[in-house]
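Model, not experiment: these values are computed from the prediction.
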Amino acid sequence: MKADQVLAPVTGATALPVAIVTGFLGSGKTTFVRGLLDAGGGTRVAVIVNELGELGIDGALLEGAAQSVIELPGGCMCCESRGDVGRALALLAQRASELDAIVVETSGVSDPLGVADLLAHGVFPTDLRLSQVVTVVDAENFDRNLADAEAAYSQIVSADLFVVGKSDLVAPEVVTAIGGRLARLNPRAAVLPSDGGRSAAGLLGEVAGVPTISTRRRAVHTEPGYDSVAWEVDREIGLEPLLAWVEALPPSVYRVKALIRQGEADVALHRVGARVTVLASPAARREPGDGHTRVVVIGKGIAAESIRADLAAMEPSDQETA
């Protein structure tokens, strides 16, 4: 089944379907959304991305694949950013004739109920209807996330479909065990392994037409205790020093996202828990030679000024860039 079938309206031709993609920090939400867009076969999809932190990185990684990307950094979709999400949805509803679907990617510490409630009670220029809630779970950090974060539990009980991200990093029996636990926590949702979002995209249409999420449940506020530090510079910094610094960060830092210009290419650097990865970015969002660098660090009790000082020390001098 193709993604244009997956995202077909659930309430008739006059309704524009909205899929919510949620999951805890570093679970692989953006990878899944990118795979869904790449598998769309011409489906016109707009994406709203909410990030924890002052800088948007995930939105940049989706540019070129979506019809439109709206970034809403620095908030929680159940409270601080709720008005921004409503305005973004209203803006896209005005362009309904240009779109086949909307995807809302929540921040990793948000409860998807906030968006579902907006869709249920908001008034928009075009009828917007929730089609499904897709929760991406991290196979490598499943136990830790569920034990430490109420938001992770809320994301699980709200799901219509589970995508088990990073299933290639754990043993098959671990994926099976996670599937069993998810089935006990939310027996109505289907459980699928992930293939960068592509194989799951073709199966989304098998989720029941009536979303599981219950607006009778009270939304959980943004997961307490998680702080973010954002840093950016309009220069190209060395990848090796940044990589060494990220690898040496203490366990209190749970998530790092960075987008770095290296020559004429963008490089995305990620840290989730103890795992660090560096990937070429598919987004062609800057002109060659632009050295703009963005880094977001997320954790508990992190020293913001120390982190910014460390990053600033990696900036090349004027002589080095001359």
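- Here D143 pairs with R181 in a salt bridge; the nearest charged N to carboxylate O distance falls below 4.0 Å.
- Judged purely by atom type and a 3.5 angstrom limit, R271 uses its side chain to pair as donor or acceptor with the backbone of L249.
- Of the inter-residue distances, the one linking L119 atom CG with I20 atom CD1 reads 5.5 Å to the nearest 0.5 angstrom.
- Summarising the geometry, atom CG belonging to L89 is positioned 12.0 Å from atom OG1 belonging to T126; distances are rounded to the nearest 0.5 Å.
- One distance of note links CD of Q94 with CG of L99; it measures 11.5 Å at 0.5 Å rounding.
- Proximity of a side-chain donor or acceptor of D111 to a complementary backbone N or O of A151 within less than 3.5 Å is not detected.
- Across T135 and G23, no two heavy atoms sit closer than the pair CG2-CA, 4.5 Å.
- For the pair Q262 (side chain) and G238 (backbone), a donor-acceptor distance under 3.5 Å is absent.
- Taking both residues in full, the closest heavy atoms of P17 and S131 are given as CB-CB, 4.0 Å, listed atom of the first, atom of the second, then distance.
- For E173, the side chain to side chain donor-acceptor pair (under 3.5 Å) criterion is met by no residue, not counting sequence neighbours.
- Under the 4.5 Å side-chain criterion, counting only non-hydrogen atoms from C-beta, Y254 is in contact with N145.
- Taking a 6.0 Å sphere around CZ of F124, one finds it holds more than 12 heavy atoms contributed by other residues, nucleotides or ligands.
- Using a distance-only test at 3.5 Å, with no hydrogens or angles considered, no donor-acceptor pair links the side chain of S167 to the main chain of P172.
- Atom CG in D84 sits 8.5 Å away from atom CG in N50 (nearest 0.5 Å).
- The heavy-atom pair separating S110 from T22 by the smallest distance is O-OG1, 4.0 Å.
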task = Please assess L311 against T293 for the test side chain to side chain contact (heavy atoms under 4.5 Å, CB included), listing each intermediate value before the final yes or no.
result = CA-CA 11 Å; L311 290 167; T293 299; over 6 Å; no
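- Nearest heavy-atom pair, G179 versus V191, reported as atom, atom and distance to 0.1 Å: CA-CG1, 3.9 Å.
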ask   = Can you check side chain to side chain contact (heavy atoms under 4.5 Å, CB included) on F142 and L182, steps first, answer last?
value = CA-CA 10 Å; F142 181 81; L182 291 172; 3.7 Å; yes
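- Under 4.0 Å is where a charged nitrogen must lie from a carboxylate oxygen, and between D266 and R261 at least one such pair does.
- Side-chain atoms of L185 and L146, non-hydrogen and from C-beta on, do get closer than 4.5 Å to each other.
- To the nearest 0.5 angstrom, T30 atom OG1 is 6.5 Å from K257 atom NZ.
- Closest approach of G86 and L118 over heavy atoms only: N-CD1, 3.9 Å.
- From E236, atom CD reaches atom CD of E315 across 13.0 Å, with rounding to the nearest 0.5 Å.
- D160 places a side-chain N or O within 3.5 Å of a backbone atom of V133 that can act as its donor or acceptor partner.
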request  = Apply side chain to side chain contact (heavy atoms under 4.5 Å, CB included) to the pair N186 and F162, showing each step before the final yes or no.
outcome  = CA-CA 10 Å; N186 183 350; F162 292 116; 3.9 Å; yes
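- Between the side chain of Q155 and the main chain of V137, no donor-acceptor pair closer than 3.5 Å is present.
- Minimum interatomic distance between I298 and S228 (heavy atoms only, all atoms of both residues): CG1-CB, 4.1 Å.
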task = For the pair L25 and V272, evaluate side chain to side chain contact (heavy atoms under 4.5 Å, CB included) and give the outcome as yes or no after the intermediate values.
result = CA-CA 8 Å; L25 294 167; V272 182; over 6 Å; no
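- Tracing side-chain contacts under 4.5 Å through hydrophobic residues (I, L, V, M, F, W, Y), one never reaches L169 starting from V276; they form parts of separate clusters.
- Using a distance-only test at 3.5 Å, with no hydrogens or angles considered, a donor-acceptor pair links the side chain of K166 to the main chain of G26.
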